Amino acid sequence: MKSNFSKGMLMTALVTGTVWCSSAAAFAEELQEYTLDQMVVTAQRTETRDLETPAAVSVINAKEIEKNGATTTMEALRRVAGVTDYSYGPGGDDLGSSYSRVYLRGFDKGALVMVNGAPININNYASVSAIPVSAIERIEVVKGANSVLYGAEALGGVINIITKKGNGETKTTLSATGGNYLNKYSVTTQGEGFIASFGKDSDKDYFSIQ
């Protein structure tokens, strides 16, 4: 009886150990899939690992933008904690000569907005409505004063919109949005070394090449 009991305990231990090892392996794979050790370039103007950056940085990538259903760049920015906006048109778009603007941590005219590291602010206003979401690779938002690195316009922080780089086979993407307050469509073509996008909404046309 003791021998059979010991064998039963041994088999239970082996099975439990196998299940535990399988669970541990699956958990390890999940951790690797959701690693937080991504690279950011805006906070220190050099490529630095996220966990080694001494600043409050939020990053949203193209997959997150698509998953959240943002149809404009301003809508994508609204989903970042600490970012608010003052908009005149639907979806954060401009309305004629009235430009929408972004606030970081409540600072009016204190957000420096850049595209691939180049500032687009004019008289402390920065319109992002001409940047189609289909052309965005990721957006890095650095919250907090960054005037030492970027000047007086970065009193509240910096937003760096990084666009996709065309590679691989040439492909074209069509998108359209319709509703009571917003009707727009865009066509984006990308290939080896280029990406071009054309869009139209109820107020204006916009075109960009990268």
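Quantities reported herein were computed from a predicted structural model and do not represent experimental measurements.
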- Message: Under a 3.5 Å distance rule, please check whether N146 uses its side chain to pair with a backbone N or O of V158 as donor and acceptor.
- Response: no

- Task: Determine yes or no for a side-chain-to-main-chain donor-acceptor pair under 3.5 angstrom, with K164 supplying the side chain and A62 the backbone.
- Result: no

- Message: To check you understand the geometry: which heavy-atom pair defines the closest contact between E75 and G69, and what is its length?
- Response: OE1-O, 4.3 Å

- Locate the shortest heavy-atom distance separating A70 from R79; write the atom from each residue and the value. CB-NH1, 4.0 Å

- Sequence neighbours excluded, which residues qualify as side chain to side chain contact (heavy atoms under 4.5 Å, CB included) partners of A126? V113, I120, N121

- Taking only residues two or more places apart in sequence, or in another chain, which ones meet Q44 in a side chain to side chain donor-acceptor pair (under 3.5 Å)? T48

- By side chain to side chain donor-acceptor pair (under 3.5 Å), which residues pair with R138, not counting sequence neighbours? E140

- Task: Determine, using the 4.5 Å side-chain heavy-atom cutoff (strictly less than), whether V133 and M74 are members of one ILVMFWY cluster.
- Result: yes

- Under 4.5 Å between side-chain heavy atoms, hopping through other hydrophobics if needed: is there a path connecting V142 to I161? no

pair [X]-[Y]: side-chain heavy atoms closer than 4.5 Å:
| X | Y | value |
| --- | --- | --- |
| I136 | I65 | yes |
| I131 | T72 | no |
| I139 | V59 | no |
| V141 | V57 | no |
| V83 | L104 | yes |
| T163 | N116 | yes |

- Query: Between R101 and D85, is there a salt bridge with N-O shorter than 4.0 Å?
  - Reply: no

- Pairwise side chain to side chain donor-acceptor pair (under 3.5 Å) hits with a residue in residues 54-70, at least two apart: S58-K143

- Query: With sequence neighbours excluded, what pairs up with F107 under the ring pair (Phe, Tyr, Trp, His ring centres under 6.0 Å) test?
  - Reply: none

Would you give me the side-chain donor-acceptor pairs under 3.5 Å for residues 148-155, sequence neighbours excluded?
residue : atom : partner : partner atom : Å
Y150    : OH   : T42     : O            : 2.6

